[in-house]
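Data block below; observations after.
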Amino acid sequence: MNNTDTGLILDSWLALFPPCLSILLAITTRQVYVAIFAGIMAGSILRSQDLFTGITGSFNAIADTFHSSSSVRSLIFIFMIGAIINVMKQSGGVEALIYHLSQKRKMVKSKASAQLITFSFGFLMCLEGTGSMMLVGLVGRPLFNQFNISREKLAFVANCTGAPLAWLVPFSGAGIFLTSLITDQVENGTLSEQPMHYVFAALPYQIYTIAILTLVPLLALKKHDFSSPDSSETTLPNAGHVSDHQPQSSVLAILLPIVILLAGISTIAYASGDGNILAGDISSAIYWSGFVSLIGSGLYFCINQIKVEQYVEWCVQGMKDMLPAVIILTLAFSLSRITGDLGTGKYLASFVSKELPIWLVPASVFVICVLISFSTGSSGATVSIMTPVIIPLAVGVGVPVPLVIAAIISGAVFGDQSSPISDSVIVASSAADCPPEKHFATQLPYTLAVALLSLAFYFVLGFIA
């Protein structure tokens, strides 16, 4: 490809074609793998200016992802997160913790305390959104049944601890997913700081995720329940009650893997930062701590009569559960590199700087991500498609990068949580034993209100920035 052709591609609308194709296919087909790969192939053909070379180059672009040690480490850590989540599920620690709080500590005494305890359990599984929702449903069913709280409310609580919490925690699967996408922008020279710097700096601007998580305890303390007009608010069928019999497992079975992981991250970051955690190599600390957590938890379970074969089986099954996320992230890395080669972000930045007031960029990014995620039902697909495009745009027009990252996540999480085709709606409904259509109808007024509040904030933050 000669320089003239390269200039044509970098300075024309063709630079926008690969991500736009991915967005269009994601919305119309709802097949994320196909959508992102189509964008990779289209970009590879444009980059090579030859059909055959472009098609073969798209396959090589995926393989090239594994040349980056940071990308490979991110993929491995997501597998480890899946293993940790499944170990916590299979160990019986959940039942032990429910018994400890409800029977021994007598902490669950009212509707409000039942909801707050259930909500807090989601934070134990904050490493992965689906696991968090399933845990909240598992814990909440007997507690909500005991206090006659509607199943729609339980589905809402479960959904709020899924994607919103996962994207807000830097060391969760979603957090590592985001860090990996940002790392790609650092490696290609678009960004200059460490990836975790941008992840942490974006946290205060995640208006939607923070607001929707805050809404759950507020509604609990206000004793506000909700359901669709034709639903019953009395009991949760097949939910059962809190067991009076002490489980064989210990509370440590669910707490230990997370405690080891967090302690490992803190210790390694502290050591690598010469006494300053934030100055340490947090990305490496997170990666190494995944191994430390699995090994430490394995030793604990072996001492407590769990066979090594059984523990390994738990880990392998958990890793299998994370395979879809790993595939999406691998494809997203490839699309990111190709759009970077085409200069998609630079072209979009030059176009926006001429056509759109700079202060409207954060709000516009939020709205676009809301539309994409609501149409696709996937926050991961939205973030993976938009991040490689929007970060160079922000750098080009001078908008703070953490602000646009937060706008991407907030918009993506709204659609993931609210769309009727989202897996989060299905999983939360299943966890709460609530029909998906009722969960969708009862939560939408709340998520929509929070989204409008977030949009107003991004208008203000864009004007200030």
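- Using a 4.5 Å cut-off on side-chain heavy atoms (C-beta onward), Val404 and Tyr205 make no contact.
- Remark: the Ser418 side chain and the Thr447 side chain contain an N/O donor-acceptor pair separated by less than 3.5 Å.
- The shortest heavy-atom contact between Cys434 and Arg151 is CB-CG, 3.8 Å.
- Every residue meeting the ring-ring contact (aromatic ring centres under 6.0 Å, His included) condition with Tyr458, not counting sequence neighbours, appears here in chain and number order: Phe366.
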Just list the side-chain donor-acceptor pairs under 3.5 Å for residues 196-203, sequence neighbours left out, or say none.
unit_1: Tyr198; atom_1: OH; unit_2: Ser192; atom_2: N; d: 3.4
unit_1: Tyr198; atom_1: OH; unit_2: Glu193; atom_2: N; d: 3.2

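- We find the OG-CG distance between Ser22 and Leu331 to be 9.5 Å, quoted to the nearest 0.5 Å.
- To the nearest 0.5 Å, atoms CD1 (Ile40) and OG (Ser334) are separated by 4.5 Å.
- At a threshold of 4.5 Å between non-hydrogen side-chain atoms, the residues Gln115 and Phe144 count as touching.
- Side-chain atoms of Gln317 never come within 3.5 Å of backbone atoms of Glu313 as a donor-acceptor pair (strictly under, hydrogens ignored).
- Annotation: side chain of Pro362 is not in contact with side chain of Leu461 (no heavy-atom distance under 4.5 Å).
- Judged purely by distance below 3.5 Å, without hydrogens or angles, the side chains of Asp416 and Ser373 never pair a donor atom with an acceptor atom.
- Of all heavy-atom pairs between Trp167 and Ala174, the closest is CZ3-O, 3.4 Å.
- Here Ser91 contributes atom OG and Ile306 contributes atom CD1; the two are 8.0 Å apart, rounded to the nearest 0.5 Å.
- Ile55 pairs by the side chain to side chain contact (heavy atoms under 4.5 Å, CB included) definition with Met41, Ile45, Leu51, Phe59, not counting sequence neighbours.
- Contact detail for Gly57 and Ser44: the closest heavy-atom pair is C-OG, 3.3 Å.
- Crowding of Phe77 atom CZ: a count of heavy atoms from other residues, nucleotides or ligands under 6.0 Å exceeding 12.
- Checked against side chain to side chain contact (heavy atoms under 4.5 Å, CB included), Ala114 has the following partners two or more places apart in sequence or in another chain: Val108, Leu143, Phe147, Ile149.
- Taken from NZ in Lys153 to CD in Gln443, the straight-line distance is 12.5 Å, to the nearest 0.5 Å.
- Heavy atoms from other residues, nucleotides or ligands lying under 6.0 Å from OH of Tyr270 number 12 at most.
- For the 3.5 Å distance criterion, the side chains of Thr183 and Ser180 fail to qualify, holding no donor opposite an acceptor.
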With a 3.5 Å cut-off and sequence neighbours excluded, list the donor-acceptor pairs that the side chains of residues 292-299 form with protein atoms.
unit_1: Ser293; atom_1: OG; unit_2: Pro257; atom_2: O; d: 2.8
unit_1: Ser297; atom_1: OG; unit_2: Ser293; atom_2: O; d: 2.8

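- For Tyr311, the OH atom sits in a packed shell: over 12 heavy atoms of surrounding residues, nucleotides or ligands are nearer than 6.0 Å.
- Rounded to the nearest 0.5 angstrom, Ile405 CD1 and Gln206 CD are separated by 9.5 Å.
- The nearest pair of heavy atoms linking Ser384 to Ile36 is OG-CD1, 3.7 Å.
- Taking 4.5 Å as the limit, every side-chain heavy atom of Leu323 sits out of range of all side-chain heavy atoms of Met319.
- Here the side chains of His67 and Asp64 are in contact, with some heavy-atom distance below 4.5 Å.
- The aromatic rings of Tyr208 and Phe414 lie perpendicular to each other, with more than 60° between the two planes, well past the 30° mark.
- Side-chain atoms of Asn159 come within 3.5 Å of backbone N or O of Gln417 as a donor-acceptor pair.
- In this structure, the side chain of Thr442 engages the main chain of His439 through a donor-acceptor pair within 3.5 Å.
- Under the 4.5 Å side-chain criterion, counting only non-hydrogen atoms from C-beta, Val186 is not in contact with Gln194.
- Ser284 and Arg73 share a side-chain donor-acceptor pair at under 3.5 Å.
- Nearest approach of Leu21 to Ala38, heavy atoms of both residues: CD2-O, 3.7 Å.
- Here the closest heavy-atom approach between residue Ala285 and residue Ala269 is recorded as CB-N, 3.8 Å.
- Considering only heavy atoms from C-beta on, Thr161 stays 4.5 Å or farther from Phe121 through its side chain.
- Side chain of Ser289 to main chain of Gly264: a donor-acceptor pair is present (N/O by atom type, distance under 3.5 Å, no hydrogens or angles).
- More than 12 heavy atoms of other residues, nucleotides or ligands lie within 6.0 Å of CD in Gln90, so this atom counts as buried by the packing criterion.
- Although no hydrogens or angles enter the test, the distance criterion places a donor-acceptor pair under 3.5 Å between the side chain of Ser266 and the main chain of Leu262.
- Every residue two or more places apart in sequence or in another chain that forms a ring-ring contact (aromatic ring centres under 6.0 Å, His included) with Phe291 is listed here: Tyr287.
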